[in-house]
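Working notes, structure below.
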There are 2 protein chains.
Amino acid sequence: MSKPRAKLTDNFPGCPVESTLSFLDGKWKGVILYHLLQDGTLRFNELRRRIPAVTQRMLTKQLRELEEAGLLSRTVFPVVPPRVDYALTPIGRSLEPVIAALRLWGKEHVICENGRKYMVMPEEKAASKAA
Amino acid sequence: MSKPRAKLTDNFPGCPVESTLSFLDGKWKGVILYHLLQDGTLRFNELRRRIPAVTQRMLTKQLRELEEAGLLSRTVFPVVPPRVDYALTPIGRSLEPVIAALRLWGKEHVICENGRKYMVMPEEKAASKAA
DNA sequence: CTGGATCCTGGGTGATACTG
DNA sequence: CAGTATCACCCAGGATCCAG
């Protein structure tokens, strides 16, 4: 199945938010899409290097799910050593505004420090500037 | 902890996409935020009615997590029968562009039919489905 | 280099029953 | 009405070893 968690009986039609989220479900899909949007085409280990915390197993899994969903294409070069390129499909690329929105909000409202995440209230930022 | 799945050791700072996604993690957060954005303030059962597939347990849980994250406020009225209002905080409301992007993409690229989800290629819509 | 196969576990999620 | 308490299941996700 292409949906890892979604039981396909979630809710009635009419919740595109849920639908979209279901394609981003999984711990690494968002990051993968982000890097693919940034760099165009990436090989397996190039992706790994950009997402240090991911394991091969999970990277493979999430890539396959994204591929099955039609969001990215996987190109195998029959050479030795093996080479596999990953790139977004047109649909995958159409997620750009979504990823951009996610990224923007994260930059605005979350502080990442040593791997920890802290929320930042806009008022605090404004207040510190104004007051 | 406020993050259900995120191990906080995911990746180095620099991935706001991941950060944002971590706040939307969980099966119902997106939908909850969406409805709260739509309707302003909602009571517990009003939310339930808008998300038929959710159980009380999960609705409660996700609401608490969103509250702990600071995205929504929970107002208890000491009356009988009980009444609890949920509304977005300013930060919660700041997620509007994100939810909007998610929703827009879903409307453009996903068809919900009888609870099932089908991807729709923009090209296929433009050009008649020939395959 | 790019995976596949296997084992394992944490906790997310559901179902149900109960309560002020 | 708005939850809490419990039990049980399933599978996402990590670790490790193996393979072409």
Side-chain angles (χ1 to χ4, degrees), chain A residues 1-11 18 21-32 41-69 72-87 115, chain B residues 1-11 18 21-32 41-69 72-87 115:
Chain A
M1 292 310 253
S2 56
K3 325 294 176 313
R5 290 239 293 288
K7 282 292 183 304
L8 287 190
T9 53
D10 321 342
N11 10 19
E18 236 288 288
L21 243 19
S22 76
F23 288 104
L24 299 177
D25 191 31
K27 204 170 174 178
W28 310 102
K29 302 245 175 73
V31 207
I32 293 172
T41 298
L42 288 173
R43 300 181 54 174
F44 189 79
N45 274 355
E46 289 178 327
L47 274 168
R48 275 189 77 180
R49 247 174 280 124
R50 278 162 177 77
I51 315 173
V54 78
T55 61
Q56 320 88 324
R57 182 178 132 79
M58 283 319 294
L59 183 52
T60 303
K61 238 182 116 189
Q62 307 265 307
L63 283 170
R64 290 295 152 85
E65 288 173 12
L66 288 170
E67 186 194 4
E68 190 186 345
L72 62 77
S73 64
R74 179 169 173 271
T75 311
V76 182
F77 296 85
V79 299
V80 40
R83 169 184 178 171
V84 182
D85 281 1
Y86 293 92
Chain B
M1 287 310 239
S2 55
K3 325 290 178 315
R5 292 241 293 286
K7 282 293 183 303
L8 287 190
T9 54
D10 319 343
N11 11 19
E18 236 289 289
L21 243 17
S22 76
F23 288 102
L24 299 177
D25 192 29
K27 206 169 173 180
W28 311 100
K29 303 244 175 75
V31 207
I32 292 172
T41 299
L42 287 174
R43 301 179 55 174
F44 189 80
N45 274 354
E46 289 177 327
L47 273 167
R48 273 188 80 180
R49 248 174 280 123
R50 279 163 177 75
I51 316 174
V54 77
T55 60
Q56 321 86 323
R57 183 177 132 77
M58 283 318 296
L59 182 53
T60 302
K61 232 184 124 193
Q62 308 264 307
L63 283 170
R64 292 293 152 84
E65 288 173 11
L66 288 170
E67 184 193 6
E68 191 187 342
L72 61 79
S73 65
R74 179 170 173 270
T75 311
V76 182
F77 296 86
V79 299
V80 44
R83 168 184 175 168
V84 181
D85 281 2
Y86 293 92

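Just so it is clear: chains get the letters A, B, ... in the order the sequence lines come, proteins before strands, and each one is counted from 1. Quick caveat, the model's predicted, so the values are computed rather than measured.
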A/Tyr86 side chain near C/dG3 phosphate (N/O to OP1/OP2, under 4.0 Å)
yes
Say you draw a straight line from CG of B/Asn45 to CZ of B/Arg83; how long is it, rounded to the nearest 0.5 Å?
12.5 Å
Can you check whether A/Arg48 has a side-chain N or O nearer than 4.0 Å to OP1 or OP2 of C/dG3?
no
Interatomic distance, B/Asp85 CG vs D/dC1 P [rounded to whole Å]
14 Å
With the side chain of A/Pro82 defined as its heavy atoms from C-beta on, choose the nearest nucleotide among D/dA2, C/dT16, C/dC1.
C/dC1
Taking the side chain of B/Gln56 as heavy atoms from C-beta outward, which of C/dG14, C/dG3, C/dA17 is closest to it?
C/dA17
Within the structure, does a side-chain N or O atom of A/Lys27 lie under 4.0 Å from either OP1 or OP2 of D/dG14?
yes
In whole angstrom, what separates B/Arg83's CZ from D/dA2's P?
9 Å
Does a side-chain N or O from B/Gln62 land closer than 4.0 Å to OP1 or OP2 of C/dG12, or not?
no
Specify the separation, in whole Å, of atom CG of A/Leu63 and atom P of C/dG3.
8 Å
Taking C-beta and beyond as the side chain, do A/Lys27 and A/Met58 meet within less than 4.5 Å on heavy atoms?
no
Inter-end axis angle, the helix from C/dC1-D/dG20 to C/dG20-D/dC1, with every axis fitted to five base pairs (rounded, 10 degrees)
50°
Judged by each residue's nearest nucleotide on DNA chain C, which is more toward the 5′ side, A/Arg57 or A/Arg74?
A/Arg74
Between D/dG13 atom P and A/Arg64 atom CZ, what is the distance in whole Å?
17 Å
Just the rounded figure in Å: distance from P of D/dG3 to CZ of B/Arg43.
10 Å
By nearest heavy atom, map B/Val76 and A/Lys61 onto DNA chain D; which one lands nearer the 5' end?
B/Val76
Take atom CH2 of B/Trp28 and atom C1' of C/dT13, then tell me their distance rounded to the nearest Å.
10 Å
Can you tell me how far C1' of C/dA15 sits from CG of B/Leu59, to the nearest Å?
16 Å
Rounded to the nearest Å, what distance is computed from the CG atom of residue A/Leu47 to the P atom of nucleotide C/dC1?
14 Å
Any side-chain heavy atom of A/Leu63 sitting closer than 4.5 Å to one from A/Arg74?
no
Taking C-beta and beyond as the side chain, do B/Asp85 and B/Phe77 meet within less than 4.5 Å on heavy atoms?
yes
Within the 4.5 Å heavy-atom criterion, are A/Gln56 and A/Phe44 side-chain neighbours or not?
yes
Nearest to the A/Asn45 side chain among C/dT2, D/dA2, D/dG14, which nucleotide is it?
C/dT2
When you measure from the side chain of A/Arg50 to the backbone N and O of A/Glu46, does any donor-acceptor pair fall under 3.5 Å?
yes
Please answer whether the main-chain N or O of A/Ala87 pairs with a side-chain N or O of A/Thr41 as donor and acceptor at a distance below 3.5 Å.
no
